Structure formats: structure tokens, C-alpha cells
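Read through the structure below, which is laid out as C-alpha cells, and then see the notes.
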Amino acid sequence: MTPQDPAQSLFDLVGDPAAPESPPPRPEPGRAVAEAARNLVSVLEAGRRLAAPVLTTALHDAWRRLDPSGRSWNSKLCYDAAEAATVLFLVRHGRAMRERAASPEALLAMVERIAALEPTHTHRSEHQVAFDQFSTPLALACAAFLAADVRPGDTVLEPSAGTGVLAALPAAVLDDPARLFLNELSPVRHGL
């Protein structure tokens, strides 16, 4: 029988049951980055810097939970984890920050203090260049949020979401998160 023969048995298609199993699929990087980011929010809440050892430990631990075999991960994902942690921080605390800020300048100053806890981007990977991943600085994202004057009933569109920096403050004030629409081409950041 040939593989195209419609009379071929289903058991013939399964293959040799004694054949070794294929290796488990590689974990979805976006899930590992998201888990690391969730674990890093408490570092930001404590006012501590997201230093390289803190980031690599958080990402390594998240990756090991998804892939116990410990296959390698790209250290550039640490930048995404740091940005995602600031996004989660702003989603969690952004409404209160906006309410406490006496002026737009005061809110911007709060956001700048959070940004100072992130590592700086000093190198770009080929993946980042291919997907035009040039992260929006938090202060610029805050300025865009203030200029847009987002209110609870608004709909917000973010056509190049990346890690969600531009969407973080709007997400904190929208009454319905379903009114926030994000788009991202990079498979890793889309998964995040």
C-alpha cells in the first residue's frame, strides 16, 4: 500500500509503537516571559531595580517550569520581561497613580521613577530589528496617554503593541478591558 492509498489502515498511519517519542515541544517563550513578568512586579512594588541577576533568575525559573529539560532561552527576553513587569505594574496601579497625581507633570514624574528601575536597552537582536521592536520609553507612553485623554468608556487601539507599554495606562483606566485592542506581529510578543 502507498501512503496515498485510501484503503490504508489507520494503524499503518500511526507508525511503529516502539519508535522513540519525539522530544517535547519547546515552550512558548511568551508564556515564560509573562510568568517572569508577573513575578517581577513585586520587585517594582518594593521600589527595587530590575537588575540583570534579578531578571535572569526570574526568566530562568519561569522557563524551567515550562521546560524542565532546561533547554536554553535567549537572554534578550529579559528586556521583554522587564517591560512586561512595568506594564503589569501600571495596569495594577495606574488608576491610583492618576488619581493621586495633582497634575500631568506629577503623573509623568511617577512614571519616570518606575522607568528608572528598568534596565536600559543597549543591544538589539536580529529578531528585534526584523520586527521593528524599538520599545516606547515609559515617559513617552505616559505623554501619549495624557495627550489622548483616555476616559473609562473609550476604545483604545494599539496597532504595534510590543510588550504593551503604550496600552498599560489606558488599560488601567478603561472600565471594560475588552475595549482595548492590541496587535503584534512578533510571535514571542504576541504570546506575551
Side-chain angles (χ1 to χ4, degrees), residues 26-98 100-101 105-146 158 160-172 182 184 186-192:
R26 188 175 179 141
E28 161 54 44
R31 286 182 51 210
V33 172
E35 182 178 336
R38 283 189 295 274
N39 294 329
L40 290 167
V41 172
S42 61
V43 176
L44 292 171
E45 289 173 334
R48 295 192 336 256
R49 186 162 174 66
L50 296 176
V54 172
L55 289 169
T56 55
T57 299
L59 194 55
H60 175 75
D61 291 349
W63 197 271
R64 292 286 291 190
R65 279 190 282 284
L66 293 174
D67 182 12
S69 69
R71 282 178 271 190
S72 67
W73 46 271
N74 182 335
S75 62
K76 294 289 185 196
L77 295 176
C78 289
Y79 290 115
D80 286 351
E83 285 182 13
T86 60
V87 166
L88 293 173
F89 179 93
L90 289 173
V91 168
R92 185 179 293 172
H93 302 290
R95 186 181 296 255
M97 290 169 60
R98 186 176 187 192
R100 283 189 205 134
E105 294 80 15
L107 178 61
L108 183 58
M110 290 180 198
V111 169
E112 287 174 331
R113 284 196 297 276
I114 297 161
L117 301 175
E118 282 188 276
T120 58
H121 290 264
T122 54
H123 302 289
R124 298 274 177 223
S125 69
E126 289 179 25
H127 178 85
Q128 288 171 307
V129 172
F131 284 99
D132 287 329
Q133 294 175 346
F134 300 99
S135 299
T136 304
L138 277 180
L140 184 56
C142 180
F145 166 72
L146 292 168
E158 209 319 21
S160 181
T163 57
V165 172
L166 282 169
L169 285 168
L182 308 176
E184 177 55 47
S186 164
V188 173
R189 289 180 167 195
H190 185 268
L192 172 63

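When reading the values below, keep in mind they use all heavy atoms of this one structure, side chains included, and skip hydrogens, waters and symmetry mates. Small disclaimer: the values here were computed from a predicted structure and weren't measured. Along the sequence shown, residues are numbered consecutively beginning with 1.
Every residue two or more places apart in sequence or in another chain that forms a side chain to side chain contact (heavy atoms under 4.5 Å, CB included) with Glu45 is listed here: Val41, Ser42, Phe89, Arg92, His93. Take Thr163 and apply the side-chain hydrogen bond (donor to acceptor under 3.5 Å, both in side chains) test, not counting sequence neighbours, and it matches Glu83. Under the side chain to side chain contact (heavy atoms under 4.5 Å, CB included) criterion, Ala139 pairs with Leu108, Glu112, sequence neighbours left out. Legend: residues meeting side chain to side chain contact (heavy atoms under 4.5 Å, CB included) with Ala106, ordered by chain and number and at least two apart, are Ala101, Ser103. Leu182 pairs by the side chain to side chain contact (heavy atoms under 4.5 Å, CB included) definition with Glu158, Ala161, Ala167, Leu180, not counting sequence neighbours.
Here the closest heavy-atom approach between residue Pro53 and residue Thr56 is recorded as O-OG1, 3.3 Å. Considering every non-hydrogen atom in both Val91 and Ala171, the closest pair reads CG2-CB, 4.0 Å. Here the closest heavy-atom approach between residue Ala168 and residue Leu90 is recorded as CB-CB, 3.9 Å.
Put simply, CG on Leu55 and CG on Leu50 are 5.0 Å apart, with the number rounded to the nearest 0.5 Å. Note: Leu146 CG to Leu107 CG = 5.5 Å, rounded to the nearest 0.5 Å. In this structure, Leu77 CG and Leu59 CG are separated by 5.5 Å, a value rounded to the nearest 0.5 Å.
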Could you walk me through whether Val111 and Phe145 pass side chain to side chain contact (heavy atoms under 4.5 Å, CB included), step by step? CA-CA 12 Å; Val111 169; Phe145 166 72; over 6 Å; no
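Counting heavy atoms from C-beta on, the side chains of Arg98 and Leu169 never come closer than 4.5 Å.
The environment of CZ in Arg49 is crowded: more than 12 heavy-atom neighbours from other residues, nucleotides or ligands sit within 6.0 Å.
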Distance-only donor-acceptor pairs under 3.5 Å for side chains of residues 31-40, two or more places apart:
from	atom 1	to	atom 2	distance (Å)
Glu35	OE2	Arg65	NE	2.3
Glu35	OE2	Arg65	NH2	2.7
Asn39	ND2	Glu35	O	3.3

